[in-house]
2 protein chains.
Amino acid sequence: MTAIPEDADTTREAATREQQVLERIDRVRRRKARLREDHITLCHGAGGKASQTLIDAVFLDAFHNPHLDPLGDGAVVGDHAFTTDSYVVTPLFFPGGDIGDLAVNGTVNDLAMCGARPRHLSAGFILEEGFPIADLRRITASMAAAAHAADVQIITGDTKVVQRGKADGCYITTAGLGVFDHPVRPSAVAARPGDALIVSGPIGDHGITVMLARGELDIHADITSDTAPLAALTAALIDTCGTHLHTLRDATRGGVATVLNEICVAAGVAAVIDEDAVPVRPAVRGACELLGIDPLYVACEGRMVIAVAPDAAQAALAALHAHPLGHGAAVIGHLTEDPPGLVLLRTAFGGTRIADLLVGDPLPRIC
Amino acid sequence: MTAIPEDADTTREAATREQQVLERIDRVRRRKARLREDHITLCHGAGGKASQTLIDAVFLDAFHNPHLDPLGDGAVVGDHAFTTDSYVVTPLFFPGGDIGDLAVNGTVNDLAMCGARPRHLSAGFILEEGFPIADLRRITASMAAAAHAADVQIITGDTKVVQRGKADGCYITTAGLGVFDHPVRPSAVAARPGDALIVSGPIGDHGITVMLARGELDIHADITSDTAPLAALTAALIDTCGTHLHTLRDATRGGVATVLNEICVAAGVAAVIDEDAVPVRPAVRGACELLGIDPLYVACEGRMVIAVAPDAAQAALAALHAHPLGHGAAVIGHLTEDPPGLVLLRTAFGGTRIADLLVGDPLPRIC
């Protein structure tokens with residue numbers, strides 16, 4: 001991140017400098033993704049710049065097709081949405097949730113972000129020899145409860161077992177199938193200059209909770225994961241805003257800043273965020289300060305970023321506030337035309353900094 | 001397996017003994033599945049009796065619903081089929097294939113076994129830190145080729161990375177979506193007494209190939225995996241036999257014997273198999289003899305078991321023989337009413353033995 005101070009006396013000079021910085025960054029960002037590494041690193045799974053390079057250079061290169069290429073939270077095929085996510089969170093159990101409800105809610109939310117109504121899930125388990133069956137029962141009970149809460153059914157599955165030392169207890173991959181009952185198809189490319197940007201609640205709870213649950217840091221805070229199904233919330237937004245609802249993205253790996261970057265690049269717009277307007281719980285902010293992490297990059301598992309036409313913003317906010325999971329929703333900024341692809345953060349001190357994609361992730365394996 | 005000799009002089013006595021043995025086995029088999037273990041063992045992932053107990057006692061117990069409960073190769077919802085499988089094969093590359101085409105063909109085949117036309121796949125990757133990117137490219141190229149051959153698209157995906165020592169290079173979970181263009185819904189419960197049982201080609205090639213590729217045994221044989229997409233073959237069978245086609249099951253983990261057991265239990269029928277009629281390549285038979293394994297329990301990844309009404313059997317066989325992947329198809333036996341749930345093997349020596357489910361698997365991690 002580059003801090004660009006603003007000062008009334010040197011506005012023009014600062015503007016020129018800012019322009020130069022932006023142009024330099026833009027040149028770097030336009031370079032074709034090139035994978036420099038020979039081996040996979042933890043950064044490749046972090047959802048940031050290294051992940052995107054891997055996806056571009058390996059997965060899109062091999063699989064590219066019109067459904068995959070938009071890289072949304074899920075793929076839209078006719079009146080269905082289809083998505084998958086693997087879950088490798090450690091520890092498996094943490095305050096407010098576990099790998100089981102995470103694996104259900106995460107996939108439910110990816111379908112909801114496409115604007116679809118989640119209906120059916122699959123679940124593939126990779127278990128390590130020696131894993132306690134009591135823990136597996138706890139995880140499946142938690143998946144069943146999450147599926148019930150989200151009104152989806154787990155209808156097909158698979159179990160594999162690998163030798164001791166070849167996994168970390170339990171990994172789960174869920175895939176999800178959703179249907180469209182309406183013509184609204186929110187997507188990152190649909191975001192428009194002028195759109196209001198809303199987050200549906202306080203950010204970073206999940207990532208910080210999981211980090212602290214590892215017990216490696218001597219920090220204690222009264223925080224629980226925000227893992228939750230967002231489909232009821234997205235359905236309310238679609239009812240309220242219709243096609244004025246442009247974009248829905250859940251802020252998982254890489255947090256709100258990463259999602260904003262993806263929206264700006266996809267739509268060719270800029271985001272201007274008022275840092276003070278971003279809701280962050282004091283305990284999360286405190287833990288982030290101790291860890292040297294910006295809460296904008298910390299994963300949530302029950303929060304989303306919404307881009308909505310300016311005229312519909314207040315109605316969207318009201319619809320969110322009417323729901324327990326959207327109670328803490330807030331407008332955090334807006335989209336503008338220039339500079340395309342960048343997320344600008346107006347800081348509390350009156351400055352502007354660029355919230356770029358991180359290469360890696362300060363908090364690995366949080367989902 | 002219990003060997004029950006037959007002799008012309010003592011037929012009645014042998015029949016009584018056989019009846020007693022069958023009744024005893026039946027009593028044991030009817031007991032409600034009870035999970036005795038406290039921890040996951042490799043047997044729980046083997047596709048045999050231990051796997052079924054785990055599925056009954058943990059997964060069905062938590063998730064049960066009308067789509068999941070039939071435990072087919074996939075779930076049928078309206079005019080769609082949905083399925084998932086995780087792949088943890090070791091080694092990742094073996095003669096005739098790798099984890100990539102296995103992950104595509106396996107899920108394509110699960111859809112084909114439902115009678116559906118496979119269309120879209122998802123792919124979730126769990127990668128170990130340090131995994132060579134060249135290997136990942138080789139795997140994704142092989143997935144792309146397999147998807148092209150099976151006329152499916154990989155339209156959504158996810159990548160997670162875990163620390164060194166928390167996985168074994170690369171695990172892949174694919175989910176698949178297929179459509180029905182016809183009213184035929186083959187399933188295990190649809191099998192009927194009198195049906196002919198057909199296998200679509202020589203069995204056991206995949207399992208033995210992977211086992212030998214590990215290099216732990218000083219056995220060398222000219223065998224390659226049979227991994228292949230079966231949807232063209234199942235479409236031909238549906239065209240030829242229509243609703244006379246009762247059951248399709250690909251003989252993966254646990255091999256042909258396990259699939260036959262599943263069909264017999266689901267449909268409440270018995271299978272009578274002529275051991276001599278089961279096609280097994282000499283190299284596979286030789287390796288099996290050296291390893292002390294029955295080829296009937298060795299996994300295939302491009303072979304299926306078919307139950308078809310007796311009048312349609314010859315037409316089904318002709319349809320299979322017309323296709324390169326069904327060239328070696330053979331009738332191996334038939335279904336009968338009694339004793340329900342059992343697979344009886346008429347041996348080359350004129351005896352009968354029961355081919356029961358194995359508890360575990362002599363060949364772990366072959367898919």
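Naming: A, B, ... by sequence-line order, numbering from 1 per chain.
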Quiz item: If you measure from CD1 on A:Ile40 to CD1 on B:Ile133, what distance do you get to the nearest 0.5 Å?
Solution: 4.5 Å
Quiz prompt | Contact leader toward chain A among B:Gly169, B:Cys367, B:Pro132, B:Gly124, where contacts are heavy-atom pairs under 4.5 Å | solution = B:Pro132
Quiz item: For B:Ile139, is it the side chain, the backbone, both, or neither that has a heavy atom closer than 4.5 Å to a heavy atom of chain A?
Solution: neither
Practice problem: Please flag which part of B:Ala145 lies under 4.5 Å from any non-hydrogen atom of chain A: side chain, backbone, both or neither. | Solution: neither
Quiz item: What part of B:Pro364 lies closer than 4.5 angstrom to a heavy atom of chain A: side chain, backbone, both or neither?
Solution: neither
Quiz item: Among A:Gly45, A:Ala144, A:Ala167, who wins on heavy-atom pairs under 4.5 Å with chain B?
Solution: A:Ala167
Practice problem: Just give me the residue among A:Gly74, A:Gly157, A:Ala134, A:Ala141 that pairs up with chain B most often, heavy atom to heavy atom, under 4.5 Å. | Solution: A:Gly157
Quiz prompt | Contact origin within A:Ile172 toward chain B - heavy atom pairs under 4.5 Å | solution = neither
Quick one: donor-acceptor pairs between chain B and chain A, under 3.5 Å, side chains and backbone, table format.
residue	atom	partner	partner atom	Å
B:Asp38	O	A:Ile133	N	2.8
B:Ile40	N	A:Phe131	O	2.8
B:Ile40	O	A:Gly130	N	2.6
B:Ala57	O	A:Arg137	NH1	3.0
B:Asn65	ND2	A:Ile154	O	2.9
B:Ser86	N	A:Asp158	OD2	2.8
B:Ser86	O	A:Lys160	NZ	2.8
B:Gly130	N	A:Ile40	O	2.6
B:Phe131	O	A:Ile40	N	2.8
B:Ile133	N	A:Asp38	O	2.8
B:Arg137	NH1	A:Ala57	O	3.0
B:Ile154	O	A:Asn65	ND2	2.9
B:Asp158	OD1	A:Arg253	NH2	2.8
B:Asp158	OD2	A:Ser86	N	2.8
B:Thr159	O	A:Arg253	NH1	2.8
B:Thr159	O	A:Arg253	NH2	3.4
B:Lys160	NZ	A:Ser86	O	2.8
B:Gln163	OE1	A:Arg365	NH1	2.7
B:Lys166	O	A:Tyr171	OH	2.5
B:Tyr171	OH	A:Lys166	O	2.5
B:Thr173	OG1	A:Thr173	OG1	3.3
B:Arg253	NH1	A:Thr159	O	2.8
B:Arg253	NH2	A:Asp158	OD1	2.9
B:Arg253	NH2	A:Thr159	O	3.4
B:Arg365	NH1	A:Gln163	OE1	2.7

Exercise. Would you mind telling me which of A:Leu127, A:Leu136, A:Ile55 has the largest number of heavy-atom pairs within less than 4.5 Å of chain B?
Key: A:Leu136
Exercise. Could you check which of B:Val88, B:Leu68, B:Ile126, B:Ile155 has the highest count of heavy-atom pairs closer than 4.5 Å to chain A?
Key: B:Ile155
Self-check item: All ring pair (Phe, Tyr, Trp, His ring centres under 6.0 Å) counterparts of B:Phe82, not counting sequence neighbours
Solution: none
Quiz item: Relative to chain A, which segment of B:Ile154 carries a heavy atom at a distance below 4.5 Å: side chain, backbone, both, or neither?
Solution: both
Practice problem: Let me know if A:Cys43 has heavy atoms under 4.5 Å from chain B in its side chain, its backbone, both or neither. | Solution: neither
Exercise. Pick one of side chain, backbone, both or neither for A:Ala46, based on which atoms fall under 4.5 Å of a heavy atom in chain B.
Key: neither
Self-check item: Partner chain B: residue of A:Gly130, A:Ala175, A:Ala62 with the largest heavy-atom pair count (under 4.5 Å)
Solution: A:Gly130
